[in-house]
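As structure tokens, the structure follows; a few thoughts come after it.
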Amino acid sequence: MSLRTRLAEGPTLLLDGATGTELERRGARTGLPLWSSHVLLDDPELLERVHADYARAGCEILTANTFRTQRRTLATAGLGQRAQELTALAVACARRGAARAGSPALVAGSVAPLADCYRPDRVPDDETLREEHAQHVGNLHEAGVDLLLVETMNTIREAVAAVEAARATPLPVLASFVCDGCARLLSGEPLESAIAALERLAPDALLVNCLPPTAVPPTLPKLRASGRPFGVYANLGAPNDETGFTRSEDCSPEQFAELGAGWVQAGARIVGGCCGTSPAHLRRLAERLRR
């Protein structure tokens, strides 16, 4: 069954959980701005193990660690010329992780904001958005991802540019926004306006991510009203300016599984976890979905 058919007909797909905070939990460095891309330089085998653990937990989509392999971010460490190489390495690590687990999981290429996930005021100009997202998407396509996950978009302007770049490929495209507790992007723009702006680009699914579980309920009616398959992958914790994110241990795997089951009952076709979640959280969610 193709991904598009599965999204249309179900059952719900299980996306993986956090990469950056899981690497940090296992002792890897995750300082900003390189964030999770440090591991590609330091210990790719650790990254493979993380992917394998998510695959063993039952995740059907593994997100390649390309959230911060754009030329712009890597250039801050003098590595801008290695963007294509490190993007390919990240995708290969996800593939090898799936193989370790004997899993047929799909590999998604992460397409993140070029500047800062939580600072819409830092979004570059439109020409830069078009050029740099097209380059990153091209690197992901060449690396052989199965789908493109445009995620953590905090402005309509950047979401449109990133999805336009993704739509220039034949790959399925998922588009995800980070929202506040009132179903608004961090820019203050209403989620329904963002959904409307992407209508002409026909993403294969619409999602929200990297928002606390308490902020999810107001987004669900907006996502459902789009008429497209939709999904949720919430975080556990809060962003910070040093390691990128502070994990919270307050939500147990069992509690997270209950939350995920609620999103599925609301109609979600894709569920998973964002920053702060772990393979244990996703394993419990997978067990709950199978029940």
**Request:** For the pair Arg68 (side chain) and Ala112 (backbone), establish whether a donor and an acceptor sit closer than 3.5 Å, ignoring hydrogens and angles.
**Result:** no
**Asked** Taking the side chain as C-beta and beyond, is there a heavy-atom pair between Leu211 and Phe177 under 4.5 Å?
**Response** no
**Message:** Taking Pro124's backbone N and O only, do any of them form a donor-acceptor pair with Arg157's side chain (distance below 3.5 Å, no angle check)?
**Reply:** yes
**Presence of salt bridge, Glu85 and Arg82, under 4.0 angstrom** = yes
**Request:** State plainly whether the residues Glu164 and Arg200 are in salt-bridge range, i.e. N to O under 4.0 Å.
**Result:** yes
**Request:** Before accepting this row, confirm whether a basic side-chain N of the pair Arg26/Asp43 lies closer than 4.0 Å to the acidic partner's carboxylate O.
**Result:** no
**Asked** Side chains of Ser187 and Thr155: is there a donor and an acceptor less than 3.5 Å apart?
**Response** no
**Asked** Is there a path from Leu191 to Val160 through hydrophobic residues (I, L, V, M, F, W, Y) whose side chains come within less than 4.5 Å of each other?
**Response** yes
**Asked** If every non-hydrogen atom of Pro113 is compared with every non-hydrogen atom of Asn154, which pair is closest and at what distance?
**Response** CG-ND2, 4.5 Å
**Item:** Arg184/Glu192 salt bridge by N-O under 4.0 Å criterion
**Value:** no
**Item:** Glu22 (side chain) donor-acceptor with Ser278 (main chain) under 3.5 angstrom
**Value:** no
**Message:** Between Arg284 and Glu258 (salt bridge meaning N to carboxylate O under 4.0 Å), is one present in this structure?
**Reply:** no
**Message:** Could you tell me if Asn209 and Ser176 have a donor-acceptor pair between their side chains, going purely by distance under 3.5 Å?
**Reply:** yes
**Prompt:** More than 12 heavy atoms of other residues, nucleotides or ligands under 6.0 Å from CD of Gln81: is that the case?
**Reply:** yes
**Item:** Test item: Cys182 and Pro218 side chains (from C-beta on) under 4.5 Å apart, heavy atoms
**Value:** no
**Request:** Report yes or no: does Thr66 contribute a side-chain atom to a donor-acceptor pair with the main-chain N or O of Ser110 at less than 3.5 Å?
**Result:** yes
**Asked** Going hydrophobic residue to hydrophobic residue with side-chain gaps under 4.5 angstrom, can you get from Leu185 over to Leu206?
**Response** yes
**Request:** Please report the closest heavy-atom contact between Ala162 and Val111, naming both atoms and the distance.
**Result:** CB-CG1, 4.2 Å
**Side chain to side chain, Arg6 and Leu13, heavy atoms closer than 4.5 Å** = yes
**Item:** Backbone of Ala268 reached by a side-chain donor or acceptor of Thr12 within 3.5 Å
**Value:** yes
**Message:** Closer than 3.5 angstrom, by distance alone: can the side chain of Glu60 be matched with the main-chain N or O of Leu106 as a donor-acceptor pair?
**Reply:** no
**Request:** Using the rule that two of Ile, Leu, Val, Met, Phe, Trp, Tyr join whenever any of their side-chain heavy atoms come within less than 4.5 Å, decide whether Leu62 and Leu289 are in one cluster.
**Result:** yes
**Message:** Taking Glu131 first and then Arg71, would you say they form a salt bridge - that is, a charged N and a carboxylate O separated by under 4.0 Å?
**Reply:** yes
